[in-house]
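Below: one structure, written as structure tokens.
This is a predicted model, so every value here is computed, not measured.
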Amino acid sequence: MKKILKPIDLNIGVFKAYGEVLSTQNSKSVVINNGFAQKHYNLCNIDANENGGVATVHLYIGKKREFPLKINMMEKHPFFSQTFIPRSNNSFLVVVALGDEKPDLRTLKVFKTDGNQGVHYNKGIWHFPLIACENEEQFIVIDRNDLGKKENKVIDCIEVDIDEEIEVLRD
């Protein structure tokens with residue numbers, strides 16, 4: 001049986017089980033730089049230090065996905081969190097699920113950002129790879145780097161195939 005998922009608006013309460021919503025809405029802030037900037041602080045805490053790793057910043061350039069989008073796999077990072085911050089004001093989609101050895105598809109959710117929100121996946125959260133709704137979308141991504149240490153045996157990413165027919169609509 002095919003499962004069709006329609007995105008729901010991303011909000012702090014519903015996303016809490018998977019991670020954090022990065023937004024200036026309802027965040028703590030202070031005025032800095034002699035009044036020329038407002039700092040929104042502690043939006044999330046990067047969890048990347050397992051076995052000598054460090055937090056690192058990447059730039060991803062996403063290709064526009066075709067919809068309905070087939071969800072045929074999911075991935076997770078068991079030893080670090082991962083943060084996606086869009087560089088545009090365009091919305092993007094987030095597909096997440098809870099679960100240990102494999103995604104618990106009963107918890108599968110699809111969220112639509114409002115264009116000003118980023119997401120922070122907690123360590124070990126199952127998710128589908130980046131879903132850009134426009135071509136050449138840029139994202140600042142913060143996650144783990146082991147600085148090239150060969151002795152570091154941390155598993156970077158676990159991927160699993162999804163046997164069920166699952167499609168995600170854009171809206």
Exercise. Stepwise, does the side chain to side chain contact (heavy atoms under 4.5 Å, CB included) test hold for Phe84 with Val94?
Worked result: CA-CA 10 Å; Phe84 288 81; Val94 176; over 6 Å; no
For this session: Can you label the angle between the His77 ring and the His127 ring as parallel, tilted or perpendicular, going by 30° and 60°?
Result: tilted
Check side-chain hydrogen bond (donor to acceptor under 3.5 Å, both in side chains) between [X] and all other residues, then give those that pass, not counting sequence neighbours.
X: Lys123; result: Asp47
X: Ser29; result: Gln38
X: Glu137; result: Ser88, Asn90

For this session: Step by step, work out the side chain to side chain contact (heavy atoms under 4.5 Å, CB included) result for Val141 and Gln82.
Result: CA-CA 7 Å; Val141 178; Gln82 192 173 41; 4.1 Å; yes
For this session: Following the transitive rule for hydrophobic clusters with a side-chain heavy-atom cut-off under 4.5 Å over Ile, Leu, Val, Met, Phe, Trp and Tyr, establish whether Ile8 and Leu22 coincide in one cluster.
Result: no
Exercise. Shared ILVMFWY cluster between Val119 and Leu43, side chains joined below 4.5 angstrom?
Worked result: no
Exercise. Is the CD atom of Gln25 crowded by more than 12 outside heavy atoms at less than 6.0 Å?
Worked result: no
Problem set entry | Heavy atoms from other residues, nucleotides or ligands near NZ of Lys6 exceed 12 (cutoff 6.0 Å) | no
Counting only pairs under 3.5 Å, give me each side-chain donor-acceptor contact of residues 158-171, with atom names and distances, residues two or more places apart or in other chains.
from, atom 1, to, atom 2, distance (Å)
Glu167, OE2, Lys2, NZ, 3.4
Glu167, OE2, Lys70, NZ, 3.4
Arg170, NH1, Cys133, O, 3.4
Arg170, NH2, Glu134, OE2, 3.0
Asp171, OD1, Lys112, NZ, 2.5

Exercise. Residues sharing Tyr41's hydrophobic cluster, by side-chain heavy-atom contacts under 4.5 Å among ILVMFWY, directly or via others?
Worked result: Val30, Ile32
Problem set entry | ring pair (Phe, Tyr, Trp, His ring centres under 6.0 Å) involving Phe139 - partner list, sequence neighbours excluded | Phe92
Problem set entry | Counterpart residues, ring pair (Phe, Tyr, Trp, His ring centres under 6.0 Å), relative to His120 (two or more places apart) | none
Say you draw a straight line from [atom1] of [X] to [atom2] of [Y]; how long is it, rounded to the nearest 0.5 Å?
X: Glu20; Y: Tyr121; atom1: CD; atom2: OH; answer: 13.5 Å
X: Asn122; Y: Lys16; atom1: CG; atom2: NZ; answer: 10.5 Å
X: Asn26; Y: His40; atom1: CG; atom2: NE2; answer: 11.0 Å
X: Ser23; Y: Ile12; atom1: OG; atom2: CD1; answer: 6.5 Å

For this session: List the steps and the verdict of side chain to side chain contact (heavy atoms under 4.5 Å, CB included) for Asp100 and Trp126.
Result: CA-CA 9 Å; Asp100 293 320; Trp126 289 100; over 6 Å; no
Exercise. Mind checking what makes salt bridge (charged side-chain N to carboxylate O under 4.0 Å, His left out) contact with Asp104, not counting sequence neighbours?
Worked result: Arg106
Problem set entry | Whether Arg144 side chain and Glu50 backbone form a donor-acceptor pair below 3.5 Å | yes
Exercise. Where the side chain of Asn11 meets the backbone of Val14, is there a donor-acceptor pair that is under 3.5 Å apart?
Worked result: yes
Does the side chain of [Y] come within less than 4.5 Å of [X]'s, by heavy atoms?
X: Cys44; Y: Thr83; value: yes
X: Asp9; Y: Gln117; value: no
X: Met73; Y: Pro129; value: yes

Can you give each donor-acceptor pair under 3.5 Å made by side-chain atoms of residues 56-63, sequence neighbours left out, with the distance rounded to 0.1 Å?
from, atom 1, to, atom 2, distance (Å)
His58, NE2, Asp143, OD1, 2.6

Problem set entry | Phe67/Ile131 under side chain to side chain contact (heavy atoms under 4.5 Å, CB included): CA gap, chis, key distance, verdict | CA-CA 10 Å; Phe67 293 91; Ile131 305 173; 3.8 Å; yes
For this session: With sequence neighbours left out, write down each residue that passes side-chain contact (heavy atoms from CB on, under 4.5 Å) with Asn116, or none if nothing qualifies.
Result: Asn89, Asp114
Problem set entry | Ile71: which of Leu105, Leu5, Val95, Val110 passes side-chain contact (heavy atoms from CB on, under 4.5 Å) | Val95
Exercise. How would you list all residue pairs meeting ring pair (Phe, Tyr, Trp, His ring centres under 6.0 Å) that involve residues 10-32, not counting sequence neighbours?
Worked result: Phe15-Tyr18, Phe15-Phe111
Exercise. Of all heavy-atom pairs between Ala17 and Leu98, which one has the smallest distance, and what is that distance?
Worked result: O-CD2, 3.6 Å
Exercise. Closest heavy-atom contact between Asp156 and Pro78?
Worked result: O-CD, 4.3 Å
